Amino acid sequence: LVYDAAIRAVEKCWGESPLYTFEGGTMPVTSTLEKVLDAPALLIPLGQSTDNPHLANERIRSTNLFKGKRVMKTLIEEVNKLAS
């Protein structure tokens with residue numbers, strides 16, 4: 001259900017369905033959090049593959065930053081609807 005809420009949030013903010021690229025680095029803390037909290041993790045990237053993540057010239061386009069903020073806000077609203 002939370003994954004569906006995330007899809008709706010991305011669609012509302014970007015005007016199109018998310019693209020599942022399955023690229024990017026790992027976050028070792030994710031599996032630990034899933035075990036400790038006994039809940040699945042949902043990772044939503046905000047940047048693009050061309051943003052040079054973790055390099056000296058790392059960047060994020062302002063469009064991605066601000067729309068990403070809206071995606072997170074909308075996701076919280078969508079999850080809240082699930083709880084209602």
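Just so you know, these numbers come straight off a predicted model, no measurement behind them.
Closest heavy-atom contact between E34 and A41: OE2-N, 2.8 Å. Shortest non-hydrogen contact noted between V71 and A9 is O-CB, 3.7 Å.
Summarising the geometry, atom CE belonging to M72 is positioned 13.5 Å from atom CD belonging to E77; distances are rounded to the nearest 0.5 Å. Once rounded to the nearest 0.5 Å, the distance linking CZ of F66 with CD1 of I60 reads 10.0 Å. Distance check: W14 CH2 to L19 CG gives 12.0 Å after rounding to the nearest 0.5 Å. Within the model, atoms CG of L43 and OG1 of T30 stand 4.5 Å from one another, a figure rounded to the nearest 0.5 Å. Distance CG/L75 to CG/L42: 6.5 Å, rounded to 0.5 Å. Distance check: R70 CZ to C13 SG gives 6.0 Å after rounding to the nearest 0.5 Å.
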Output, in order, the C-alpha distance, side-chain angles, deciding distance and verdict of salt bridge (Lys or Arg N to Asp or Glu O under 4.0 Å) for E11 and R8. CA-CA 5 Å; E11 289 174 341; R8 286 192 302 274; over 6 Å; no
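Note on residues 37-65: pairs passing salt bridge (Lys or Arg N to Asp or Glu O under 4.0 Å), not counting sequence neighbours, are D51-R59.
Take K69 and apply the side chain to side chain donor-acceptor pair (under 3.5 Å) test, not counting sequence neighbours, and it matches no residue. The side chain to side chain donor-acceptor pair (under 3.5 Å) test applied to S62 returns no partner, not counting sequence neighbours.
Applying the 6.0 Å contact sphere to CG of L55 captures more than 12 heavy atoms from other residues, nucleotides or ligands.
I7 and L46 fall into different hydrophobic clusters, where Ile, Leu, Val, Met, Phe, Trp and Tyr residues are linked whenever their side-chain heavy atoms come under 4.5 Å apart, directly or through other members.
Side-chain contact between V10 and S17 is absent, with no heavy-atom pair separated by less than 4.5 Å.
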